[in-house]
Amino acid sequence: MWLALSEFWLDTKLDKYDHKRIAEVLAESPYSMNELKDIERYEVAPVLWSNLIDVAGEWAGWDPDQLNQDCAEKMMLGRGRIRRIKTRLARCFVRYCTSDHWDAIEKLIPNLCDDAYH
């Protein structure tokens with residue numbers, strides 16, 4: 001799931017086929033939409049956000065093992081007070097960078113999973 005969410009942070013434009021593929025992965029997860037957004041916000045974005053401001057940002061993808069390790073470390077840090085403050089400061093940037101992706105994916109997920117998911 002971290003790998004699918006990491007695609008939001010590639011230095012490429014995602015198309016409808018990318019969104020469908022990501023939505024399929026997310027629909028198979030045990031998490032609600034709000035939980036998925038929190039995972040992206042608190043675990044994936046802190047690891048990868050700087051890629052979008054890098055002049056020569058990554059466009060091919062990340063090493064899955066390293067990504068999993070880095071995101072797991074962010075997850076283990078939890079969502080304590082200091083992290084919440086840092087996240088609030090970065091929230092506008094994260095929302096700006098990922099809102100189009102979430103809009104597209106939220107429209108696709110209901111068609112990919114049963115009503116019990118929601």
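Residue numbers count from 1 along this sequence. Owing to the predicted nature of the structure, the values given are computational and were not obtained by experimental measurement.
H19 is not listed as a side-chain neighbour of W102, based on a closest heavy-atom distance of 4.5 Å or more. Residues D63 and L67 form no side-chain contact, since every pair of their non-hydrogen atoms from C-beta on lies 4.5 Å or further apart.
D18 places a side-chain N or O within 3.5 Å of a backbone atom of D15 that can act as its donor or acceptor partner.
Donor-acceptor pairing under 3.5 Å is lacking for the side chains of Q69 and W2. Remark: the D70 side chain and the Q66 side chain contain an N/O donor-acceptor pair separated by less than 3.5 Å.
To the nearest 0.5 Å, atoms OG (S32) and CG (L26) are separated by 11.5 Å. Within the model, atoms CD1 of I39 and CE of M1 stand 4.0 Å from one another, a figure rounded to the nearest 0.5 Å. Rounding to the nearest 0.5 Å places CD of E7 at 4.0 Å from CD1 of I22. Taking CD1 of I105 as the reference point, atom CZ of R21 lies at 9.5 Å (rounded to 0.5 Å). The distance from atom CG of L5 to atom CG of L48, rounded to the nearest 0.5 Å, is 10.0 Å.
Residues A23 and L108 come closest through the heavy atom pair CB-CB, 3.9 Å.
Taking the six-membered ring where the residue is Trp, F8 and H101 present parallel rings, their angle staying beneath 30° rather than reaching 60°.
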Test side-chain contact (heavy atoms from CB on, under 4.5 Å) on L10 and W62 and set out the steps. CA-CA 9 Å; L10 289 173; W62 289 270; 3.1 Å; yes
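When the side chains of ILVMFWY residues are joined at heavy-atom separations under 4.5 Å, either directly or via intervening members, V25 and W9 end up in two distinct hydrophobic clusters. Note: the hydrophobic cluster containing L36 also contains L14 (ILVMFWY, side chain heavy atoms under 4.5 Å, direct or indirect links).
A salt bridge links E106 with K37: the distance from a Lys NZ or Arg NE/NH1/NH2 to an Asp or Glu carboxylate oxygen falls below 4.0 Å.
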